[in-house]
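Report on one structure; see the data block that follows.
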Amino acid sequence: MIINILLIIAFGGAFLVYLAGKISGKLRNILSIIISLVILTLIVMLQGKEIEVNYFHFFNFPLMFRINVLSWFFALLISFLTTLSLIFSLNYMKGKENLDFYYLMLLLVNASMLAIVLSGDLLSFYIFWETMSWSTFLLISYNKGKAINAALKYIIMSIAGSLAMLLAIILIYIKFQSFDILFISTHINMSSQNFAILIFLLLSIGFGVKSAIVPLHAWLPDAHAEAPSPFSAILSGILIKMGIYGFLLLFYVILGLKILLSLNIWGIKLNYIFALLGAISVLVPSMIAIFQTDAKRVLAWSSIGQIGYIAIGITIGSSIGTAGGLFHLFSHTIFKALLFFSIAAVEYRTGTRDLNKLGGLMKKMPIVFIGCLISVLGLIGIPLTNGFVSKWLIYKALFLNQNYFLLFIALISTWAAILYGFKILHHIFLGQLSQEHIKVKKAPLGMQIPIMILSFLVLLFGIFPGLALKTINKLIVNIGFKSLSVNLFGIVSETGPLNIINIFAGLMAILLLIIIVFKLGKKKTNIKQDDNYAAGSYIPIDKYHFTSNFYAPLFGIIKPLLIDHIDNFYLWVANRIRSLSDKVRKIYCGNVNVYVIYIIGFAALLIILKIGLKLW
Amino acid sequence: MNPVYLIIIPLLSAFSIPLFGLISKKLVKFIPPLAMLFNAVYAILLIPQILKKPIVVLMGGYSLPFGINLFVGPLGIIFTGVIAIIGFIVSFYAINYIKEGDKEKYHMLYLLLLTGATGAVLTGDIFNLFVFCEILCISSFALVADLGDKRSIESSVKYLIQGSVGSGFMLLGIGLLYGQFGTLNMAHLAQIITEKYGAAQSIPIDLFIPFVFVIIGFGIEGSIFPLNAWLPDAHSSAPSTISAVLSGLAIEIGLYAIIRFVFTIFGITSILPALAILGLITLVIGEITAFAQANIKRMLAYSSIGQLGLIFFAISIGTSEAITGGLFQFLTHAFSKALLFLSVGYMIYRTKSMEISSFKGIGKKMPFASLAFLIGSFSLVGLPLFMGFSSKFIIVKSAILKNSTLFNILIMVVLLCTIIEGAYFFKVIQTIYFKKSNNIEIKKAPATAVIAFFILIIIIIGLGIYPNEVFKILQCGATELLDKSQYIRSVLG
Amino acid sequence: MVYYIGAFGLIIIGLYVLMVKRNLIKMIIGISLINTGLNLFLISVGFIKLGTAPIFSKPGLNPKIMVDPLPQAMVLTAIVISVATLAMALALAIRLYEHHGTLDMGKIKDQKW
């Protein structure tokens with residue numbers, strides 16, 4: 001019952017907020033925050049419960065909601081991030097047009113995501129999946145201009161994906177006469193290998209589009225960059241993880257570990273192919289991210305990369321890998337949202353997110369800088385941040401699995417992450433303050449709060465990963481893996497424990513060493529900027545902004561590898577359809593004689609087919 | 001209760017309109033909504049009775065198979081109900097919408113069109129079917145030309161030429177059937193054909209020729225692929241109310257006639273895969289041509305061709321579930337396309353342009369019309385929570401259940417077409433809501449239009465969420481089509 | 001038999017006109033030809049050589065040599081319909097000429113694609 005109430009609040013609340021907005025803007029803002037908080041509390045209250053409710057019959061198919069550890073974990077992330085995003089929106093969106101619509105759609109996306117993870121059967125999963133797709137589409141379009149094409153690309157790819165999904169769901173239904181996920185999972189071993197492969201492929205298209213695994217990623221960079229920033233945080237933070245949730249459901253609930261590992265086409269294991277795709281998603285987009293100049297595009301490409309890590313983690317098929325994947329999903333939600341919020345705050349104050357135009361904002365916006373710093377550290381995976389824990393787990397799993405190739409790719413990509421992470425940090429906060437931005441104020445409090453909360457969480461789960469690992473451990477046990485032995489500071493295991501205390505000690509030692517070396521070394525001298533740099537001639541202060549064209553030599557080397565051929569391919573297909581359409585249209589040529597000829601020709605054709613070919 | 005009122009009331013009120021026009025010109029526009037409201041209520045009240053047992057009405061007291069009879073089965077009442085409901089909503093909308101031109105003639109022809117449609121689906125006699133179809137056709141020729149401008153006259157002429165060829169083929173086919181079997185009664189004809197050719201493996205040629213003629217004749221009305229060249233012209237240049245009715249109802253009458261002939265009268269199931277492919281081609285051509293349209297009404301018209309193809313495809317799968325799905329898709333298309341045309345009607349009226357690009361940013365100025373467009377297109381694309389999903393779901397499911405390679409491939413093509421359909425509809429939605437407007441003062445749609453939108457929206461969302469009851473009625477319709485002997489028995493006793 | 005040949009001949013001529021002739025008036029004549037052919041065809045379906053009218057006007061008439069009355073009723077209806085269509089078509093032709101200044105359907109191609 002509580003689930004029903006939860007979702008009624010979520011969906012009804014969205015429309016209520018819209019109506020409230022017609023009365024007054026303040027009421028709408030307060031109401032939206034209240035609703036999201038109520039949802040959050042309800043979900044927190046649901047912890048550890050396993051409930052199943054039948055709520056409706058669509059045709060004769062019973063639809064049900066079901067909550068377990070897996071869905072609870074995702075529901076918590078969703079509602080938490082939405083709450084923060086709403087708080088952030090209060091300031092960020094102030095004064096923009098169509099705010100009622102914005103809040104309606106934001107809450108609708110939130111509600112449908114909750115409904116997706118709470119769905120106990122594939123049909124309601126699909127229904128809410130589509131609800132999520134179209135509300136996301138409307139929200140991405142919100143910014144107008146370039147956003148329109150981005151959203152169109154998104155919705156077309158996502159329709160394609162969801163149709164593949166629909167096909168798979170119906171195939172499953174025809175096989176098992178049920179949409180109930182648990183029922184299917186207990187009966188799946190009665191089906192043949194080919195059926196399982198078909199289901200795997202079809203559903204992978206559906207989930208792959210949402211989670212932007214490489215050949216299906218084309219929508220993501222545009223959509224993330226063009227959506228309203230608080231929503232970009234949701235998009236990147238949790239919406240693309242719905243795809244991962246789907247994969248988890250497919251891999252470990254519907255198919256189960258045993259079948260997943262046995263699936264192969266001509267001897268090549270499907271989960272290995274999937275992990276390879278994950279690896280490509282890590283490598284190439286991370287490289288592309290380095291060379292973006294739009295801050296949000298950097299983050300967008302980086303999201304694809306990080307999703308790749310998660311994908312690798314959850315497909316290896318070992319406890320530690322899946323735990324790593326899930327933990328990375330969790331960490332990524334936090335630090336990527338934090339990054340998007342920081343950049344949104346900067347954009348809010350400066351009006352631009354072009355990296356080449358920003359710089360030196362560290363002292364102007366200290367909280368935002370710290371938030372950004374922490375999230376970049378998390379992104380790179382520096383110890384004591386949550387990103388470290390998750391990457392450590394994934395590497396460990398790859399190592400134990402002897403997947404040295406994937407391990408190698410993952411490591412290289414981390415270097416790419418360092419490069420783009422540093423680029424963001426440097427271009428926005430370090431270097432020379434641009435003349436235009438001298439009067440920039442601090443970010444408003446409503447923006448600082450979410451940033452501070454998230455920064456705190458990055459460090460909290462970096463230092464005490466056990467807090468989250470306990471839930472994740474329960475979760476992986478729930479989906480059929482061996483339990484890991486977890487304590488507050490990490491994982492206790494024979495094959496190489498993860499213990500943050502030791503790492504902390506080691507880090508401190510290194511830090512101490514560095515300080516000592518610096519103390520012993522030469523004293524630094526301060527040189528005035530306009531001192532002797534330009535051979536005596538005066539250079540206007542703006543020209544000291546040397547942060548454009550970072551990494552140019554590297555770019556020269558790998559440029560040909562970085563063209564997004566896949567995106568180009570999709571565009572090519574779209575253009576072909578367009579020109580095909582222009583050709584086919586010519587059938588209706590406007591000449592009525594020709595139309596009569598069509599009619600008579602068709603009659604003649606049917607009769608000829610009958611007499612000549614003896615059809616029918 | 002006598003279903004004959006379903007035809008008589010609209011027919012009488014159609015011809016009473018000029019008389020009322022003598023009393024007051026303002027009175028005229030309220031007659032079509034009233035007549036259609038009567039039909040809608042009457043049809044809905046008839047449903048429980050008909051689901052138990054179909055009603056056969058003898059006209060003129062001649063005993064069967066000599067006289068003309070009405071056969072009011074589940075299928076007939078479904079079509080009648082949809083015609084009446086849409087007819088009511090559209091005429092309600094037209095109260096304010098039709099301002100120029102000769103209103104009396106418009107309203108009279110409008111009712112005649114609906115009478116023709118209702119009669120065609122209720123009759124049990126093939127020549128009577130032809131006559132009602134002609135009533136429908138001729139009134140729609142006139143209504144397409146209602147605006148009297150360059151484009152509508154041209155379209156009307158082209159429609160008329162092709163329509164006449166079509167009616168020629170229809171009559172030829174009917175004449176051949178009569179010549180061979182000596183009866184015009186559908187049930188009797190079906191009985192004779194079953195007795196004579198029931199055991200035959202392939203279709204004998206003397207049955208096939210009239211079959212082809214009839215299919216071509218009604219195919220023109222039902223806009224199957226090479227026969228549908230009139231449709232985009234006529235639908236795009238008629239007044240939007242008429243486009244809604246033509247697109248939502250008139251072409252489905254052609255479809256109804258075809259399925260009646262294929263399933264009940266001829267009982268030819270071996271031709272179904274060919275018809276499915278034909279439907280699919282219609283779908284593909286319709287969707288692809290709609291993709292690059294700049295004129296919104298042409299786009300919607302081409303999309304109607306596509307939808308018709310889909311319905312045709314679904315019914316041609318031939319299983320009970322598939323036919324139910326096809327009928328459901330008919331409901332979806334009728335309601336959604338009517339909603340789309342009606343919403344577009346006021347947008348065109350206000351902006352005085354049919355180009356999609358002139359609707360930039362209209363979402364703010366005409367919120368209800370834009371919402372109606374949004375929901376109509378979501379429903380047609382088949383997104384869940386809207387009735388398009390219910391129908392598409394059933395169609396896909398039944399096509400896969402058919403378990404033949406041919407239909408598995410065809411259904412993939414159907415799904416690919418859905419992507420194209422989504423692409424062009426979403427593009428328009430973006431233009432309406434998310435493009436910078438060109439700052440012209442535009443008034444909202446009037447209350448009558450908004451009420452019409454909301455009735456349709458409620459139907460679309462209601463059937464999208466709770467399709468169960470309607471689904472049961474549609475299943476009876478499918479059973480009626482598939483069970484030929486039951487049909488014969490209930491008419492001839 | 002000759003009636004059938006005549007009927008189908010008329011229909012085919014009508015279709016030919018519709019396929020080939022571009023002048024609207026000629027096309028309307030073509031439609032009219034088709035309709036006439038059809039009416040002839042329907043009548044000949046019920047025709048019996050040396051038959052009588054299907055009325056028992058005097059005693060002792062053999063029903064076997066009565067012509068079938070039903071096609072005649074059909075033809076009556078069909079004639080009415082074709083007249084209506086014809087009137088409609090001619091009215092439209094006048095309006096079309098007012099708008100376009102020509103009746104050449106090959107030139108009137110505003111509505112296309």
Side-chain angles (χ1 to χ4, degrees), chain A residues 56-60 97-98 123 126-131 133-134 137-138 141-145 147-148 151-152 155-156 159-160 163-164 166-167 170-171 173-174 574 577-578 580-582 584-585 587-590 592 594-596 598-603 605-607 609-611 614-616, chain B residues 157-158 161-162 165-166 169 202-203 205 208-209 212-213 215-216 219-220 226-227 229-230 232-233 268 270-271 274 285 288-293 364 378 381 383-385 389-390 393-394 396-397 400-401 411-412 415 418-420 422-423 426-427 429-430 433-436 465-468 471:
Chain A
F56 198 67
H57 279 261
F58 183 74
F59 292 114
N60 296 322
E97 55 174 357
N98 271 341
L123 189 59
Y126 179 82
I127 290 173
F128 293 116
W129 185 270
E130 286 291 86
T131 320
S133 296
W134 61 254
F137 156 74
L138 292 176
S141 313
Y142 174 84
N143 267 354
K144 305 188 176 171
I148 288 181
L152 198 61
I155 193 71
I156 292 171
I159 290 180
L163 288 176
L166 181 65
L167 219 52
I170 290 173
L171 282 173
Y173 179 80
I174 288 171
I577 290 177
R578 217 194 148 74
L580 177 68
S581 167
D582 277 329
V584 171
R585 255 155 39 129
I587 294 172
Y588 301 105
C589 60
V592 75
V594 177
Y595 295 165
V596 177
Y598 288 161
I599 296 170
I600 293 160
F602 184 61
L605 179 77
L606 284 181
I607 293 171
L609 281 180
K610 169 71 186 167
I611 296 173
K614 302 257 182 280
L615 286 175
W616 309 303
Chain B
V157 168
K158 286 180 180 170
I161 291 170
Q162 293 169 61
V165 175
F169 273 114
S202 65
I203 311 163
I205 190 78
F208 188 77
I209 299 284
V212 166
F213 288 156
I215 290 285
I216 299 267
I220 289 175
L227 318 173
W230 61 272
D233 301 350
I268 306 175
S270 58
I271 205 166
I285 300 267
I288 285 183
T289 39
F291 184 71
Q293 286 299 322
K364 245 193 153 170
F378 276 8
V381 176
L383 297 181
L385 304 186
F389 172 66
S390 316
F393 180 78
I394 297 290
V396 175
K397 180 160 164 272
I400 296 175
L401 253 183
I411 199 68
M412 299 292 263
L415 292 180
T418 306
I419 300 175
I420 298 177
F426 283 116
K427 224 157 52 183
I429 289 174
Q430 285 187 322
Y433 277 105
F434 302 111
K435 288 214 169 145
K436 287 241 166 62
I465 293 174
Y466 191 72
N468 308 13
F471 186 72

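Side-chain atoms are counted along with the backbone in the values below, which use heavy atoms only and exclude waters and symmetry mates. Naming convention: chains lettered A, B, ... in sequence-line order (proteins, then strands); numbering from 1 in each chain. Keep in mind that what you see is a predicted model, and the values were worked out from it rather than measured.
- Using a 4.5 Å heavy-atom cutoff, the side chains of B:L385 and A:E130 are not in contact.
- Heavy atoms closer than 4.5 Å to chain B are found nowhere in A:L609, neither backbone nor side chain.
- Judged by distance alone, the side chain of B:K397 and the main-chain N or O of A:I174 form no donor-acceptor pair under 3.5 Å.
- The part of B:I216 that comes within reach of chain A is its side chain, from C-beta onward, which places non-hydrogen atoms under 4.5 angstrom from that chain.
- Heavy atoms of A:L606 lying under 4.5 Å from chain B belong to its backbone as well as its side chain.
- Within the 4.5 angstrom heavy-atom criterion, atoms from both the backbone and the side chain of A:L138 approach chain B.
- Interface remark: of the candidates B:I288, B:L383, B:I209, B:I288 forms the most heavy-atom pairs closer than 4.5 Å to chain A.
- Of the listed residues (A:F59, A:W129, A:F58), the greatest number of heavy-atom pairs within a distance under 4.5 Å of chain B belongs to A:F59.
- With a 4.5 angstrom heavy-atom cutoff, A:V596 touches chain B only via side-chain atoms.
- Residue B:F426 touches chain A through both its backbone and its side chain, counting heavy-atom pairs closer than 4.5 Å.
- Judged by distance alone, the side chain of B:W230 and the main-chain N or O of A:Y595 form no donor-acceptor pair under 3.5 Å.
- With a 4.5 Å cut-off on non-hydrogen atoms, B:I161 touches chain A through its side chain but not through its backbone.
- In terms of heavy-atom proximity, A:R585 sits nearest to B:A292 at NH1-O, 3.2 Å.
- Contacts of A:I155 with chain B are made by side-chain atoms alone, with heavy-atom separations under 4.5 Å and no backbone atom involved.
- Looking at A:F137, the atoms closer than 4.5 Å to chain B (heavy atoms on both sides) all sit in the side chain, from C-beta outward.
- Closest of all the heavy-atom pairs between B:I465 and A:F56 is O-CE2, 3.0 Å.
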TODO: Before giving the answer on side-chain contact (heavy atoms from CB on, under 4.5 Å), spell out for B:F434 and A:N98 the whole-Å C-alpha distance, their side-chain angles and the decisive distance to 0.1 Å.
DONE: CA-CA 11 Å; B:F434 302 111; A:N98 271 341; 5.9 Å; no
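- Within the 3.5 Å criterion, the main-chain N or O of A:I587 finds a donor-acceptor partner in the side chain of A:Y598.
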TODO: Applying side-chain contact (heavy atoms from CB on, under 4.5 Å), run through A:Y588 and B:D233 and close with a yes or a no.
DONE: CA-CA 9 Å; A:Y588 301 105; B:D233 301 350; over 6 Å; no
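- In this structure, chain B has heavy atoms under 4.5 Å from both the backbone and the side chain of A:I599.
- Not a single salt bridge (charged side-chain N to carboxylate O under 4.0 Å, His left out) links B:K435 to another residue, sequence neighbours left out.
- Among the candidates A:F602, A:Y126, A:Y142, A:F128, the residue making the largest number of heavy-atom pairs closer than 4.5 Å to chain B is A:F602.
- Considering only heavy-atom pairs separated by less than 4.5 Å from chain A, the leading option among B:G422, B:S390, B:A290, B:G166 is B:S390.
- The candidate from B:I394, B:I429, B:V157, B:I268 with the greatest count of non-hydrogen atom pairs under 4.5 Å with chain A is B:I394.
- Top candidate by heavy-atom pairs under 4.5 Å with chain A, chosen from B:Y466, B:Y433, B:F213, B:F378, is B:F378.
- Annotation: maximal heavy-atom pairing with chain B below 4.5 Å, among A:H57, A:E97, A:K144, A:K610, occurs at A:K610.
- B:F393 touches chain A through backbone and side chain together, each having a heavy atom under 4.5 Å away.
- When all heavy atoms are compared, the tightest approach of B:F291 to A:S581 is CB-OG, 4.0 Å.
- For A:A151, the parts lying near chain B are the backbone and the side chain together; criterion is any non-hydrogen pair under 4.5 Å.
- Of the atoms belonging to B:F208, it is side-chain heavy atoms, and not backbone ones, that fall under 4.5 Å from chain A.
- A:S141 places no side-chain N or O within 3.5 Å of a backbone atom of A:I148 that could act as its donor or acceptor partner.
- A:L167 is listed as a side-chain neighbour of B:I400, based on a closest heavy-atom distance under 4.5 Å.
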